[in-house]
Amino acid sequence: FAYQNSWGLSTRSIGVMIMVHSDNQGLVLPPRVACVQVIIVPCGITVKTADATKAALNKKAGQIKEELCAAGVRCELDDADHRSPGWKFNHWELKGVPIRLEIGPRDLKQDAAVLVVRISGAKITVKQSEVKDRVKTMLNEIHEQMFNKAKSELDACITTAFNMTDFCTFLDKKHLI
């Protein structure tokens, strides 16, 4: 006898994830699924910024990237000179990267970095020495928040109908019956 089993996991699963989690600003990916979990964006560099400051900033951003990659975090450094930080922020937000790490000349002087959470827009300033641990904690927190939100929305839409009138009413409200 031939046996066959299909869980129906295909591109539909990806579509459902996108529909459940995304917002008007673009894609929102759970950290465990995202190809890039953290994007590092050097910012605050202008034409008047000294070459030594630019080099120090890019070196520090590269060090943070290496530290995060060594800790198992999937991250990238967007150090393209021909794009503004605002363009980069929007580009990576549309791609659904869970955390954006901003670092600029002032942050170098203060030994700090700014972490921006995609799902809430919250900005958190942390010491550069704490970036690795804080990012790993935040990725888990983001995953839990996204799961809990999706679960509560699902639970709120599941109802039981005991007659045809209730069935039609819940169906009109787009509930799962």
Side-chain angles (χ1 to χ4, degrees), residues 3-41 43 64-65 67-69 71-78 83-103 107 112-128 130-177:
Y3 292 94
Q4 181 178 349
N5 189 10
S6 174
W7 290 7
L9 289 174
S10 64
T11 52
R12 290 183 202 168
S13 301
I14 296 169
V16 168
M17 178 188 63
I18 291 169
M19 291 186 336
V20 167
H21 294 299
S22 294
D23 58 18
N24 290 336
Q25 282 79 38
L27 189 60
V28 179
L29 292 173
R32 295 179 190 169
V33 176
C35 293
V36 178
Q37 295 173 316
V38 178
I39 183 66
I40 302 168
V41 180
C43 49
I64 292 172
K65 178 187 181 234
E67 184 180 322
L68 288 173
C69 287
V73 176
R74 296 183 299 275
C75 66
E76 288 188 19
L77 170 62
D78 191 346
R83 295 187 183 118
S84 70
W87 189 94
K88 294 176 190 179
F89 296 167
N90 185 57
H91 174 74
W92 292 105
E93 188 172 284
L94 285 171
K95 288 188 170 213
V97 176
I99 298 175
R100 180 178 72 232
L101 188 147
E102 301 172 6
I103 186 164
D107 297 318
V114 178
L115 300 172
V116 183
V117 181
R118 170 66 180 88
I119 60 171
S120 65
K123 291 187 174 190
I124 302 160
T125 304
V126 296
K127 291 183 179 180
Q128 290 175 9
E130 299 171 357
V131 165
K132 177 183 71 170
D133 295 330
R134 188 69 178 122
V135 162
K136 290 188 80 140
T137 302
M138 287 174 67
L139 288 171
N140 287 328
E141 290 171 355
I142 292 167
H143 179 82
E144 290 298 318
Q145 288 172 1
M146 291 178 75
F147 176 81
N148 291 337
K149 180 182 176 222
K151 177 88 168 96
S152 67
E153 288 175 1
L154 174 65
D155 291 343
C157 289
I158 295 176
T159 54
T160 304
F162 296 102
N163 58 49
M164 194 60 167
T165 306
D166 289 346
F167 181 86
C168 291
T169 303
F170 294 138
L171 196 58
D172 288 341
K173 292 179 182 179
K174 300 183 181 190
H175 284 216
L176 296 172
I177 302 167

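Every value quoted in this text rests on a predicted model; they were computed, and no experiment measured them.
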| said: Nearest 0.5 angstrom please: Thr160 OG1 to Asp166 CG, how far? | reply: 10.0 Å

| message | Would you compute the distance between atom CG of Asp107 and atom SG of Cys43 and round it to the nearest 0.5 angstrom? | response | 6.5 Å

| request: Of all the heavy-atom pairs spanning Val41 and Lys88, show the shortest one and how long it is. | output: CG1-CD, 3.8 Å

| message | Quick one: does any side-chain atom of Gln37 pair with a main-chain N or O of Arg74 as donor and acceptor, under 3.5 Å? | response | yes

| said: If you define the side chain from C-beta out and look only at heavy atoms, does anything of Val117 sit under 4.5 Å from Met138? | reply: yes

| task | Check for a donor-acceptor pair, side chain of Asn90 on one end and backbone N or O of Gly86 on the other, with a separation under 3.5 Å. | result | no

| Close side-chain approach of Asn140 and Arg32, heavy atoms under 4.5 Å | yes

| said: Quick check: closest heavy atoms across Phe170 and Ala161, and the distance to 0.1 Å? | reply: CD1-CB, 4.2 Å

| Can you tell me how far the NE2 atom of His91 sits from the OG atom of Ser84, to the nearest 0.5 Å? | 12.0 Å

| Spacing of CG belonging to Asp133 relative to CD belonging to Glu130, to within rounding of 0.5 Å | 8.0 Å

| query | Counting only N and O atoms by type, is there a donor-acceptor contact under 3.5 Å from the side chain of Asp23 to the main-chain atoms of Gly26? | reply | yes

| field | Main-chain N/O of His21 paired to Lys149 side chain as donor or acceptor, under 3.5 Å | value | no

| Roughly how far apart are Thr159 OG1 and Leu176 CG, rounded to 0.5 Å? | 7.5 Å

| Do Leu139 and Pro98 come within less than 4.5 Å of each other through their side chains, counting heavy atoms only? | yes

| Side-chain donor/acceptor of Arg118 to backbone N/O of Leu27, under 3.5 Å | yes

| Is Gln128 reaching over with its side chain to a backbone N or O of Ala112, donor-acceptor style, under 3.5 angstrom? | yes

| Side chain proximity check, Val126 to Ile124, heavy atoms < 4.5 angstrom | yes

| task | Start with the C-alpha gap between Leu171 and His175, add the side-chain angles, then the distance that decides, and say whether side chain to side chain contact (heavy atoms under 4.5 Å, CB included) holds. | result | CA-CA 6 Å; Leu171 196 58; His175 284 216; over 6 Å; no

| query | Roughly how far, to the nearest 0.5 Å, is CD of Glu141 from OG of Ser120? | reply | 10.5 Å

| query | Taking side chain as C-beta onward, heavy atoms only, is Ile103 less than 4.5 Å from Ile64? | reply | yes

| query | So do the side chains of Leu115 and Lys123 get within less than 4.5 Å of each other, counting heavy atoms only? | reply | no

| field | Close side-chain approach of Val114 to Leu101, heavy-atom, < 4.5 Å | value | no

| request: Starting from the C-alpha separation in whole Å, work towards a yes-or-no answer on side chain to side chain contact (heavy atoms under 4.5 Å, CB included) for Phe89 and Glu93. | output: CA-CA 6 Å; Phe89 296 167; Glu93 188 172 284; over 6 Å; no

| remark: Tested for side chain to side chain contact (heavy atoms under 4.5 Å, CB included) against Leu77, the lone hit among Leu68, Ile40, Val38 is Ile40

| remark: Minimal heavy-atom distance between Val36 and Ile39, with the atoms involved, is CG1-N, 4.4 Å

| Between Met17 and Leu29, is a side chain to side chain contact (heavy atoms under 4.5 Å, CB included) present by the stated rule, with each step listed? | CA-CA 8 Å; Met17 178 188 63; Leu29 292 173; 3.6 Å; yes

| Residue pair Ile142 / Met146, side-chain heavy-atom distance below 4.5 Å | yes

| said: Taking Asp78 first and then Arg100, would you say they form a salt bridge - that is, a charged N and a carboxylate O separated by under 4.0 Å? | reply: no

| request: Take Gln145 and Ile119 through the side chain to side chain contact (heavy atoms under 4.5 Å, CB included) test and state the conclusion after the steps. | output: CA-CA 9 Å; Gln145 288 172 1; Ile119 60 171; 3.0 Å; yes

